[in-house]
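In this chain, residues are counted from 1 in sequence order.
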Amino acid sequence: MRKRYRKSIILLCLVWGISNGAQIGYGAGVVNAPDSFNHDTRKMHEESDHSRSGQEKKPNKLAVIIDDFGNDQKGTEEMLNLPVKITVAVMPFLPTSKKDAEAAHQQGHDVIIHMPMEPKQGRSSWLGPGAILSSLTDEEIRKRMEEAIDSVPYAVGINNHMGSKVTGDERVMSIVLDVCRERGLFFVDSKTNYYSVVGKLAAKKGMPSIANDIFLDDVHTVQHVSKQLQTAAQHAEERTSCIAIGHVGVYGIRTAEALKGTIPELQKKVEFVGISDLVREHSSWRPDPLRSY
């Protein structure tokens, strides 16, 4: 009887000790170490998810290039005073080429050279001075490119004005791209020729391969340009970025009006950037110190 009683007392003590030991362990954070690990792991995953969601929320980018600056065209002031960053494509050797490039730079916009190039069809008078023609020799092409680059301050790149014929000519475009590379500039293919060789040649030469995605003002109404801007924003959301081209000129004020009117809504979907921002993000290209005059 005593033995049974003693065993019962010992058993009760053991049970009490285990029970209290467990409570002490939890209080000291020993027994609940797995729970602590799970808490830390959950926290780590939450932080990772938050970081990942932050990356996912990285704004999609829209680079709007406005062509045909340099001749005091309609819409010039309106474009330069837009409340977002754009890319100002300045034609060389025209009355306000230097003035427009300097004004664009002061306003924080990117400047590129809008290089006149021979089309398959169209009037030669539309090209402007210093155009790149398929009939030029290698030396003449190089000379015209160098002179154009020297004439437009703050330029970081070049795109083609017209040029449906030249952008399909490997000899001519090879020289054009060589000069761009030597001078630290990139080339944006305006895509006036479906069979353009620019992208292929740029890739071979280790240069950024950049091309227009959509023309904004192929129809000259505010309604159409606004619709094209929405399409460009959708393209940016689907592919993270979009390059769109509009113009100053006879209908430049309409294009500027459409841009200004849609900017608040578009900024909910995309970030307006200069073309150089996109090039930096997607390639190893970095601008040389900008030339000023």
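Leu127 and Leu136 end up in the same hydrophobic cluster when Ile, Leu, Val, Met, Phe, Trp and Tyr side chains are linked at under 4.5 Å. Phe93 and Ile141 sit in two unconnected hydrophobic clusters of ILVMFWY residues. Membership requires side-chain heavy atoms under 4.5 Å apart, directly or through other members. A continuous path of ILVMFWY side-chain contacts below 4.5 Å connects Val279 to Ile245, so both sit in one hydrophobic cluster. At a threshold of 4.5 Å between side-chain heavy atoms, the hydrophobic network of Ile, Leu, Val, Met, Phe, Trp and Tyr places Val176 and Val90 in one connected group. Residues Val64 and Ile214 do not share a hydrophobic cluster, defined by chaining ILVMFWY side chains whose heavy atoms lie under 4.5 Å apart.
Residue pairs that meet the ring pair (Phe, Tyr, Trp, His ring centres under 6.0 Å) test with at least one member in residues 185-215, sequence neighbours left out, are Phe186-Trp285. Evaluation of the ring pair (Phe, Tyr, Trp, His ring centres under 6.0 Å) test over residues 65-88, restricted to residues two or more places apart or in two chains, returns none.
Contacts of Ala256 classified as side chain to side chain contact (heavy atoms under 4.5 Å, CB included), with partners at least two apart in sequence or in another chain: Glu78, Met79. Under the rule for a salt bridge (charged side-chain N to carboxylate O under 4.0 Å, His left out), the partners of Glu182 that lie at least two apart in sequence or sit in another chain are Arg142. Under the rule for a side chain to side chain contact (heavy atoms under 4.5 Å, CB included), Val250 has no partner lying at least two apart in sequence or in another chain. In this structure, the side chain to side chain contact (heavy atoms under 4.5 Å, CB included) partners of His220, at least two apart in sequence or on a different chain, are Asp217, Tyr251, Arg254. Every residue meeting the side chain to side chain contact (heavy atoms under 4.5 Å, CB included) condition with Ala211, not counting sequence neighbours, appears here in chain and number order: Asp189, Lys191. Qualifying salt bridge (charged side-chain N to carboxylate O under 4.0 Å, His left out) partners for Glu170, counting only residues two or more places apart in sequence or in other chains: Lys200. Every residue two or more places apart in sequence or in another chain that forms a salt bridge (charged side-chain N to carboxylate O under 4.0 Å, His left out) with Asp277 is listed here: Lys85, Arg280. Partners of His161 according to the ring-ring contact (aromatic ring centres under 6.0 Å, His included) rule, which considers only residues two or more places apart in sequence or in another chain, are His114. By the salt bridge (charged side-chain N to carboxylate O under 4.0 Å, His left out) test, Lys205 is found to be paired with Asp178, residues two or more places apart in sequence or in another chain being considered.
In this structure, Arg239 places its CZ atom where only 12 or fewer heavy-atom neighbours from other residues, nucleotides or ligands lie under 6.0 Å away.
Summarising the geometry of Ala233 relative to Leu266, their closest heavy-atom pair is CB-CD2, 3.6 Å, with the distance given to 0.1 Å. The minimum heavy-atom distance between Pro92 and Pro116, with the atom names listed, is CD-CD, 3.8 Å. Ser209 and Ala202 get closest at one heavy-atom pair: CA-CB, 4.4 Å. What you find for Gly70 and Leu94 is that their closest heavy atoms are O-CB, 2.9 Å. Looking at every heavy atom in both residues, Ser134 comes nearest to Val166 through N-CG2, 4.1 Å.
The residues Lys143 and Glu139 are annotated as not salt-bridged, no charged nitrogen and carboxylate oxygen being separated by less than 4.0 angstrom. Under the 4.0 Å criterion applied to side-chain N and carboxylate O atoms, Asp150 and Arg183 are assigned as salt-bridge partners.
Put simply, the side chain of Ser174 never gets that close to the backbone of Arg171: no donor and acceptor are under 3.5 Å apart. Side chain of Thr96 to backbone of Asp72: a donor-acceptor contact under 3.5 angstrom is found. Between the side chain of Ser196 and the main chain of Gly168, no donor-acceptor pair closer than 3.5 Å is present.
Expressed to the nearest 0.5 Å, how far CG of Leu229 lies from NE2 of His224 amounts to 9.5 Å. Going from atom CG of Leu278 over to atom OG1 of Thr240 covers 8.5 Å, rounded to the nearest 0.5 Å. Here the CG-CD distance, from Asp218 to Gln228, works out to 5.0 Å after rounding to the nearest 0.5 Å. Taken from OG1 in Thr221 to CD in Glu257, the straight-line distance is 10.5 Å, to the nearest 0.5 Å. Here CD of Glu265 is found 9.5 Å from OG of Ser226. Values are rounded to the nearest 0.5 Å.
Between Ser241 and Glu281 the shortest side-chain heavy-atom distance does not fall below 4.5 Å. Val179 has its side chain within reach of Glu146: a pair of non-hydrogen atoms, C-beta onward, lies under 4.5 Å apart. A heavy-atom distance below 4.5 Å is found between the side chains of Cys180 and Met207. Contact annotation: the side chain of Met145 never approaches that of Ile175 to less than 4.5 Å [non-hydrogen atoms, C-beta and beyond]. Under the 4.5 Å side-chain criterion, counting only non-hydrogen atoms from C-beta, Asn71 is not in contact with Met91. With a 4.5 Å cut-off on side-chain heavy atoms, Leu62 and Asn60 do not count as touching. Leu259 places a side-chain heavy atom less than 4.5 Å from the side chain of Leu82.
Of the listed residues (Asn212, Thr87, Asp67), just one forms a side chain to side chain donor-acceptor pair (under 3.5 Å) with Asn159, and that residue is Asp67. Just one residue in the list Met115, Glu118, Met173, Met117 forms a side chain to side chain contact (heavy atoms under 4.5 Å, CB included) with Asn160, and that residue is Met117. The only option from Glu238, Gln230, Glu237 that meets the side chain to side chain donor-acceptor pair (under 3.5 Å) definition with Gln234 turns out to be Glu238.
Grouped by direct or indirect side-chain proximity (heavy atoms under 4.5 Å, Ile/Leu/Val/Met/Phe/Trp/Tyr only), Val222 sits alone.
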